[in-house]
Protein chains: 2
Amino acid sequence: MPAEANRDKAAKTEADAPRTTPASPLTERQEARRRRILRASAQLAVRGGFDAVQMREVAESSQVALGTLYRYFPSKIHLLVAMMQDQLERLHGTLRRKPPTGETAAERTAETLMRAFRALQREPHLAEAMVRALTFADRSVSPEVDQVSRQTTAIILDAVGLTGPTPDQLAAVRVIEHTWHATLIAWLSGRASLDQVKTDIETVCRLMDLTAPKETDTP
Amino acid sequence: MPAEANRDKAAKTEADAPRTTPASPLTERQEARRRRILRASAQLAVRGGFDAVQMREVAESSQVALGTLYRYFPSKIHLLVAMMQDQLERLHGTLRRKPPTGETAAERTAETLMRAFRALQREPHLAEAMVRALTFADRSVSPEVDQVSRQTTAIILDAVGLTGPTPDQLAAVRVIEHTWHATLIAWLSGRASLDQVKTDIETVCRLMDLTAPKETDTP
DNA sequence: CGCCGACCTAGAACAAGTTTCAGAGTTGAT
DNA sequence: ATCAACTCTGAAACTTGTTCTAGGTCGGCG
């Protein structure tokens, strides 16, 4: 069934390659290829982490030529960051279905992050691959990394229960995110224990007062 | 003057290669080589950042064979992390000579970090090289990365003016460090403005209350 | 019907980090 | 002075990410 042609035409008029951003609509077949690639990458990552995701192997596993792989994901980093976007979306969905139950904002945030952390713990190699990619990303991956960052912010804001955060609250959320990332990295490279992760996360959630604006008054 | 031999012997008895850790004392010549290598790396890094530090070029610039370079620094990451250790020591020295002047611990900490930040700003490529290496480091570099982390902690504790920090205070310092790192990364990859860096650093320093223990009482 | 253009494939080629190896060079001990 | 045990050198080889080239496939259109 030639459902592909007209869309290919559309893609052509706008850009040369399918982007990871929502910009260009992909053919069904192309969507399928993209999913195959991401799935193959995830499988490899689960087994051996960042180093095990080798572009030639990804191409072979997903039954795609190397050149095609690079057309879909312009670098290994792009590929792994896209994988992270995938996983984050899934996580956000799960969290929406089963929101955290803590009393205070700090408790809910810590609970959310620890839940995410336990999910990552289950596949540490996968986590390592994604996080390494994320932190190694240079300017050419900024848009994608930014998207990941926004998604993380959204997850935390959901946990807190804020819809219209003040700039101060946004800054606090950023600090929490930073701690989350850095702790994750320290844990993945064996420099922090599980306890330390837990402590740090709880510390930052407790101390970043998210319930009220800091500078302005709230009568 | 053959002051080299006995020390080489000493080195041999203990390990195969000179480590970056204080473990094995190096010959003068070896010290000189090591410094040449670090200097050459820094020069290359200043020019073009992480990518410009190419092992072949470093070897050539420092007049050392490639194999020798790898004997001193088992990987590019090790090399760049060692560069960071160097710079941090220098910074710590400077800070000791001219300590921050703020009234509160939070102010002094923020001042210290912003001063470090401005130093990095002067050589953004150098900063990029070091930070990329630091965050990309895997387990094999743990000891060195850990050393960097300890040095950073020491600098912050100096700024705060604490000598015997409580576990809670150490956790708070870790959160500050995490924020510092993550902000730096975001800035280097163009995802955060100078203002945002400043805001985040000040936010975390302000909110991480370092003046008194959190759990235990202070009569 | 047969050609066009976009996409895809296979595979070579290139770049940079890393490893390897044979042959010097050094140095302390005998 | 010679030896043994190192370290250093120079160059090639190997690995993996990335790019390039030449040709193949497919759907729509003249």
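Values below: every heavy atom of this structure, side chains too, minus hydrogens, waters and symmetry copies. Each chain gets a letter, A, B and so on, in the order the sequences are listed, and its residues count up from 1.
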Answer yes or no: does a side-chain N or O of [X] lie under 4.0 Å from OP1 or OP2 of [N]?
{"X": "A/Thr68", "N": "C/dT9", "result": "yes"}
{"X": "B/Gln30", "N": "D/dC8", "result": "yes"}
{"X": "A/Tyr72", "N": "C/dC7", "result": "no"}

Starting at atom [atom1] of [X], determine the distance to atom [atom2] of [N], rounded to an integer number of angstrom.
{"X": "A/Glu28", "N": "C/dC7", "atom1": "CD", "atom2": "C1'", "value": "17 Å"}
{"X": "B/Phe73", "N": "D/dC8", "atom1": "CZ", "atom2": "P", "value": "12 Å"}
{"X": "B/Phe136", "N": "D/dT16", "atom1": "CZ", "atom2": "P", "value": "14 Å"}
{"X": "B/Arg34", "N": "D/dC8", "atom1": "CZ", "atom2": "P", "value": "13 Å"}
{"X": "A/Arg33", "N": "C/dC8", "atom1": "CZ", "atom2": "C1'", "value": "7 Å"}
{"X": "A/Glu57", "N": "D/dT15", "atom1": "CD", "atom2": "P", "value": "13 Å"}

- Message: Base, sugar-phosphate or nothing for B/Gln63? Non-hydrogen atoms, less than 4.0 Å.
- Response: sugar-phosphate
- Message: Over all strands shown, is A/Glu60 touching base, sugar-phosphate only, or nothing at heavy-atom distances under 4.0 angstrom?
- Response: nothing
- For A/Met130, which of A/Val81, A/Leu120, A/Leu80 qualifies under side-chain contact (heavy atoms from CB on, under 4.5 Å)?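 One option only clears the test, and that one is A/Leu120.
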- Query: Between A/Glu128 and A/Arg132, is there a salt bridge with N-O shorter than 4.0 Å?
  - Reply: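 A salt bridge links A/Arg132 with A/Glu128.
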- Query: Less than 4.0 Å between a side-chain N and a carboxylate O, is that true for A/Glu60 and A/Arg56?
  - Reply: no
- Query: Does a donor on one side chain sit under 3.5 Å from an acceptor on the other, for B/Ser61 and B/Gln43?
  - Reply: no
- Modelled atom types, side-chain donor and acceptor of A/Ser140 and A/Asp138, under 3.5 Å: yes
- Select from A/Gly67 and B/Leu69 the residue whose nearest nucleotide in DNA chain D is closer to the 5' end of that strand. B/Leu69
- Proximal nucleotide (of D/dG27, D/dT7, C/dA10) relative to the B/Arg71 side chain: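 Ranking D/dG27, D/dT7, C/dA10 by closest atom to the B/Arg71 side chain puts D/dT7 first.
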- Message: Could you tell me if B/Lys76 sits above the aromatic ring of B/Phe136, with its cationic atom closer than 6.0 Å to the ring centre and no more than 45 degrees from the axis?
- Response: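 No cation-pi geometry.
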- Is it possible for you to check whether A/Arg34 lies under 6.0 Å from the centre of the six-membered ring of A/Tyr72, through NZ or CZ, and within 45° of that ring's axis?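 The answer is no; the distance or angle limit is not met.
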Hey, what are the protein-to-nucleotides 13-17 of chain C N/O distances that come in under 3.5 Å?
unit_1, atom_1, unit_2, atom_2, d
C/dA16, OP1, B/Gln54, NE2, 3.1
C/dG17, OP1, B/Val53, O, 3.4
C/dG17, OP1, B/Lys76, NZ, 2.8
C/dG17, OP2, B/Met55, N, 3.1
C/dG17, N7, B/Arg56, NH1, 2.7
C/dG17, O6, B/Arg56, NH2, 2.7

